Visitor: 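Below is a structure I'd like to ask you about.
Heavy atoms only: backbone and side chains are in, while hydrogens, waters and symmetry mates are out. Note that the structure is predicted; figures quoted are calculated from it, not measured.
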Amino acid sequence: MSQPEFEVENCSWQTKDGKVVKYTKESYQLSAWEDWNEYHLQITRWPKNTSIEIVILSGDQGYDAESRWSSSEVYRYVKLPHAEFDAQREQLIQKVVELANRQFGYLTF
């Protein structure tokens, strides 16, 4: 499987006690056979570990502002130390897409 080209974003998150945690998010929109949801494969590199999630963005893209709605859900499949993740990156991505296909239906790169 060839690796898709991910969008990379440097982000930060503030904890309840005011500490700023920096992380990197890589995201790729998967192809799906439906109009209501967007499925994104997301790799988040935290200070101590890396995780892979499927992020589902749902909503109505209609013309009437009053009838539009949206929601999001995050499903984390993998959380590993950086070195372990880096050594298995391609295989882990493939496995997560396989698992997501079982859970959500037909998703492809």
Visitor: Output the distance between atom CG (Leu41) and atom OG (Ser27), rounded to the nearest 0.5 Å.
Guide: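 Result: 7.5 Å between the selected atoms.
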Visitor: Quick one: side chain to side chain donor-acceptor pair (under 3.5 Å) partners of Gln103, sequence neighbours excluded?
Guide: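 For Gln103 the side chain to side chain donor-acceptor pair (under 3.5 Å) partners, ignoring immediate neighbours, are Tyr77.
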Visitor: So how far is it from Leu92 CG to Gln94 CD, rounded to the nearest 0.5 Å?
Guide: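 Between Leu92 CG and Gln94 CD, I get 10.0 Å after rounding to 0.5 Å.
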Visitor: Do the side chain of Asn49 and the main chain of Leu80 share a donor and acceptor less than 3.5 angstrom apart?
Guide: no
Visitor: Name the residue from Asn101, Ile54, Ile43 that meets the side chain to side chain contact (heavy atoms under 4.5 Å, CB included) definition with Val96.
Guide: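 One option only clears the test, and that one is Ile54.
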Visitor: Sequence neighbours left out, what passes side chain to side chain donor-acceptor pair (under 3.5 Å) with Gln29? Give chain and number order.
Guide: none
Visitor: Does Phe85 have any ring-ring contact (aromatic ring centres under 6.0 Å, His included) partners at least two apart in sequence or in another chain, and if so, which?
Guide: none
Visitor: Does any pair with a residue in residues 41-55 pass salt bridge (charged side-chain N to carboxylate O under 4.0 Å, His left out), and if so which ones, sequence neighbours excluded?
Guide: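 Residue pairs with at least one partner in residues 41-55: Arg45-Asp86, Glu53-Arg76.
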Visitor: Could you state the interatomic distance from OG (Ser72) to NE2 (His40), rounded to the nearest 0.5 Å?
Guide: 10.0 Å
Visitor: Excluding sequence neighbours, so at least two apart, what forms side chain to side chain donor-acceptor pair (under 3.5 Å) with Thr15?
Guide: Asp17
Visitor: Could you state the interatomic distance from CD (Gln88) to CD1 (Ile93), rounded to the nearest 0.5 Å?
Guide: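 Here the rounded value is 11.5 Å.
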Visitor: For Tyr75, enumerate each residue passing the side chain to side chain donor-acceptor pair (under 3.5 Å) test, keeping only those at least two apart in sequence or located in another chain.
Guide: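 By the side chain to side chain donor-acceptor pair (under 3.5 Å) rule, Tyr75 matches Glu73.
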Visitor: Let me check something: any side-chain donor-acceptor pairs from residues 7-14 under 3.5 Å, sequence neighbours excluded? List them with distances.
Guide:
residue: Asn10; atom: OD1; partner: Thr24; partner atom: OG1; Å: 3.2

Visitor: If you link ILVMFWY side chains whenever their heavy atoms are less than 4.5 Å apart, which other residues fall into the same cluster as Leu57? By chain and number, please.
Guide: Val55, Val74
Visitor: Could you list the cluster mates of Val20? Members are the ILVMFWY residues connected by side-chain heavy atoms closer than 4.5 Å, either directly or through other members.
Guide: none
Visitor: Test side-chain hydrogen bond (donor to acceptor under 3.5 Å, both in side chains) on Glu84 and His82 and set out the steps.
Guide: CA-CA 6 Å; Glu84 194 174 338; His82 298 308; over 6 Å; no
Visitor: How many angstroms lie between atom OG of Ser51 and atom CD of Gln42, to the nearest 0.5 angstrom?
Guide: 7.5 Å
Visitor: If I take atom CH2 from residue Trp46 and atom OH from residue Tyr23, how far apart are they, to the nearest 0.5 angstrom?
Guide: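 Taking CH2 in Trp46 and OH in Tyr23, the distance rounds to 5.0 Å.
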Visitor: Looking at side-chain heavy atoms only, is the closest gap between Thr44 and Thr50 below 4.5 Å?
Guide: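 Heavy-atom side-chain distance check fails, nothing below 4.5 Å.
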